[in-house]
Amino acid sequence: MRLSELKPGEVGVITKILGHGAFRKRVMEMGFVRGREVTMVLNAPLQDPIKYALMDYEVSLRRAEADLIEIALLEDWNSSRPVADANTDLHDSAEEMTLRRDQIINVALIGNPNCGKTSLFNFVSGAHEHVGNYAGVTVGAKAGSLSHKGYRINIVDLPGTYSLSAYSPEELYVMRYLKEETPDVIVNVVVASNLERNLYLTTELIDMNRSMIIDLNMYDELKKSGANLDFKNLGRMLGVPVVPTIAATGFGVEQLLDTIIEVYEMRNKDTRHIHVKMNPVLESAVDILKTEFKNDHTVSHHFSPRFLAIKFLERDPEVDNMLRSNPNFPKWEQIRNDESERIRRDLQEDITSAIAAEKYGFIQGALQENMEGSTAHDEKSTRIIDAFVTNKLFGFPIFLAVMWLMFWATFQLGSYPMSWIESLVSWISGLIGNYMADGPLKDLLLDGIIGGVGGVIVFLPNILILYAFISFMEDSGYMARVAFIMDKLMHKMGLHGKSFIPLVMGFGCNVPAIMSTRIIESRSSRLITILINPFISCSARIPIYVLLVGAFFPAHGAWIFTGLYLLGIIVAVLTAKMMRKFWFKADETPFVMELPPYRVPTFKATMRNMWSKADQYLRKMGGLILVASILIWALSYFPHHDANDVPASYRAEAIAEMPASTLTSNSPETINQMIADEYQQGHSILGHIGKFVEPVVRPMEFGWKTCVSLIAGAAAKEVVVSTLGVLYVGDDDAAALSQRLQQPSKVTGVTPFTQASALAFMVFVLLYFPCIATLTAIRRETGSWYYTLFSLVYNTSLAWIFAFITFRIASLFL
Ligand code: GDP
Ligand code: MG
């Protein structure tokens, strides 16, 4: 009987929890586990919810939830059961067999037509149902039963179906059966020699999140075909145990029955809930609906929210019927219409075929990895492209060529619009310099805002181009192939092919890259991927490189860029290897790498994607970077001193150090003003901070201004450039910052950077602590301050060491 049938005051013992995995998990966490006593306390006025006493507290359950909990009345339970010690470790021992006596497992056979369900059913139950080599032989459900290792197994042979939907009578039958009968274990029978089509149904059952097993039937035909399938690994990837059988002869059936018991008792090692991942465009639609369904307790507990969301998007009539009575239904329909429209626009495909294509992509990925001699490809163009792109010989060169093209476009093509924006910025600052009256406001505008924000905004084109490439690679399906060909290489670092995607995305921005590590299912791989991500040089660091390379190595730009990116990658790889070796024990949960069909992303979708990035970048300009620039300016402006505040001794010293050329070519007033400016910066709040920290970076000959810019980079890496822009203002404001960095100070005669220190500075910027946004992402995704702090300390120490080595070596040659 069900818990909902218990009358007030009656006591029952829980025997079984039905429903999908997430539901079972939730009620078990509430304390509803097998063998526990429950007393019904009272009904709410409308008979729903119902209050129960469980252990020493009271909980209330909705009627629909209580319907999914199977119980026995206490008196029946006590009289039927032998006394056994609950703590013994049982493995088919005599005690366990006794414990299991009279326990029932309900099993449903589900699979495509003609995959051998009835043969299996006949074999295990001793029935003689009609077996035929054509579709539609099994019309209704046939039930039989058998005993195995103390359990009574009720087995139901369902009609064959290709998917779970409500379009054919067979499909509708299966769907309703799953909803109403909630079998304990689903045995998904698949034909070993035609896995691609058969696994489609499997992906839907996985969405449903029920206890299940894959019966790899007709294993004899697979063997005969000469194909080689690593079914153990396939099972581990899918999170569903796979058992090969030959139903016609009974081979493997014993193993299948054992596995049914293992899964039922929740001690199967391969069982794990995975997601059949789809394109982000689809996933976001699924997410919205999933959250809606999850938060609405009246929605059926029979199906998982994800399954419902996908089926609802597919406009499955049965799911519509289930949800229609809900007051939120019109709202959900609205969501579905909006999302369908969006998906059609972005993918140029209707939602149902897009979902199907993605599921086939998942299956293809799973088979490509586990099957030799597979004919897993569906579409011809996809097959042809994949023949090259994932080829052993061409795969890597093609990938490197794509990367090279990406960086070339970013820096070479990007340099044209960059110079236009640069001239616009200096035109504006020239205008202000000439027409505005002197005073703090002018200083703020010129040195704080234009010096800071203007110095960074010029890099907008580079960043747009880079993002255009990354989103094109993601949307077209190429990124998935990259993960695929990188898998082996990534395994050498103790990571997985999927870790490669966040690393490539890191070239754009480390924050979304760290968030995208959610696709990695193994926790330790995820942690490592998160922690090495900041070494991947993000686009915010581009301005710094462009600035310094332009100033000090104009002829060798490409080499230095490549070198820096490579250094970042090498440090990431070594860190990953070390972490795997000393810190995180390997956990080898294999998972499927989807190979979705190739799509040509629409121009509109790419533009929209690019614009949303530009929007983000501009917001960052208007927000964080503007605030940081003003703050830095203010800290360098206050406390304010003018020429009269400069002590005579300071003046004398400055003049003594001044290059002769400055003294001869300037009027005494100009010289006075120059000394006053220098005094101001050095004696401002910022000057004190910078000089306090400077000794730490002195071995690389970074001045205190450089030091301040590094600290300011915590806000966002672009701020390093804007800070340099604010601090190294010369008397010639219109001169580009890159020129100002090369010119020796007219007061002290010291050049801000030499070639060697510029190089060391770039290395330092590449490796040192991540910006605040990245640290926040690390904190959120790892859920721990410990890793966040580690990232801060480890990266900065490494940056210092590498910068120092770079400086020493460079000093020898330059
Ligand atoms: P159902 O439609 O899923 O119920 O499939 P049936 O049980 O009716 O079987 C379809 C056909 O496949 C029959 O001709 C069976 O004899 C054959 N068959 C079933 N299992 C196996 C197997 O393991 N190996 C081979 N070679 N044939 C099988
Ligand atoms: Mg049949």
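Counting convention: from 1, in listed order, for ligands and their atoms alike. Values below: all heavy atoms of this structure, side chains included; hydrogens, waters and symmetry mates excluded.
- Of the residues K290, K359, K311, the one that meets the salt bridge (Lys or Arg N to Asp or Glu O under 4.0 Å) test with D207 is K359.
- Taking a cut-off of under 4.0 Å to the non-hydrogen atoms of S119, the atoms of ligand 1 that pass are 6 (P), 7 (O), 9 (O), 15 (C), 19 (C).
- Here is the list of ligand 1 atoms found below 4.0 Å of a heavy atom in I246: 22 (C), 23 (O), 24 (N).
- Side-chain contact check for D316 and S165: no donor-acceptor pair (N or O, by modelled atom type) lies under 3.5 Å.
- Residue-to-ligand polar distances place N114 within reach of ligand 1: an N/O pair is separated by less than 3.5 Å.
- Side-chain contact annotation: D215 with N188, donor-acceptor N/O pair under 3.5 Å absent.
- The distance criterion of under 3.5 Å between nitrogen or oxygen atoms is met by G116 with respect to ligand 1.
- Under the rule for a ring-ring contact (aromatic ring centres under 6.0 Å, His included), F362 has no partner lying at least two apart in sequence or in another chain.
- Annotation: D220 places an N or O atom under 3.5 Å from an N or O atom of ligand 1; distance criterion only.
- Residues satisfying the ring-ring contact (aromatic ring centres under 6.0 Å, His included) test with F231, not counting sequence neighbours, are Y219.
- For R176 and E318, the salt-bridge test passes: some basic side-chain N is under 4.0 Å from an acidic carboxylate O.
- Salt bridge present: K16 and D184 bring a charged side-chain N and a carboxylate O closer than 4.0 Å.
- Using a 4.0 angstrom heavy-atom cutoff, C115 counts as in contact with ligand 1.
- The shortest N or O to N or O distance between T245 and ligand 1 is not under 3.5 Å.
- When G250, S193, A247 are checked for heavy-atom proximity to atom 23 (O) of ligand 1, A247 turns out nearest.
- The heavy atom nearest to atom 18 (N) of ligand 1, considering only E221, K117, M218, is found in M218.
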